[in-house]
Amino acid sequence: MASKTPHSDGMTELCENCGQETAHSVSVELKTESSKSENSEFSREPYRVTECRSCGTETSQRMNNA
């Protein structure tokens, strides 16, 4: 679970690679899931993207599982 730390300007989360709570950059990106170019604008989904500020490991998780 993410938490705001009083001494940091970022989010701290458990990093699978580091094995400990580290500062992360967190953003939301729209990713196209369709490989077809026709109507691809209708296959965009929001993903939560985090990057560990210690080791650089990036993870993404689909936010809408409809």
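Everything numeric in this text was worked out from a predicted model, so none of it was measured. Note that these values count all heavy atoms, side chains included, but never hydrogens, waters or copies made by symmetry.
- The shortest distance between side-chain heavy atoms of Pro46 and Glu29 does not fall below 4.5 Å.
- The shortest side-chain heavy-atom distance between Thr22 and His24 falls under the 4.5 Å cut-off.
- Thr50 places none of its side-chain heavy atoms less than 4.5 Å from the side chain of Glu58.
- The CD atom of Glu21 lies 6.0 Å from the CG atom of Leu14; values are rounded to the nearest 0.5 Å.
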With side chain to side chain contact (heavy atoms under 4.5 Å, CB included) as the criterion, how do Ser60 and Lys31 come out once you've worked through the C-alpha distance, each side chain's angles and the decisive distance to 0.1 Å?
CA-CA 10 Å; Ser60 64; Lys31 295 186 178 186; 3.4 Å; yes
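- From Thr59, atom OG1 reaches atom CZ of Arg48 across 7.5 Å, with rounding to the nearest 0.5 Å.
- Scored by the side chain to side chain donor-acceptor pair (under 3.5 Å) test, Glu33 finds Tyr47, Arg62 as partners (sequence neighbours excluded).
- With rounding to the nearest 0.5 Å, the separation of CD in Glu13 from SG in Cys18 is 12.5 Å.
- In this structure, the side chain to side chain donor-acceptor pair (under 3.5 Å) partners of Thr57, at least two apart in sequence or on a different chain, are Asn17.
- The structure places CD of Glu51 at 8.5 Å from OG of Ser27, a figure rounded to the nearest 0.5 Å.
- Leu30 belongs to no multi-residue hydrophobic cluster, having no ILVMFWY side-chain contact under 4.5 Å with any other such residue.
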Report the C-alpha distance between Cys15 and Cys55 in whole Å, list the side-chain angles of each, state the deciding distance to 0.1 Å, and finish with yes or no for side chain to side chain contact (heavy atoms under 4.5 Å, CB included).
CA-CA 9 Å; Cys15 176; Cys55 69; 3.7 Å; yes
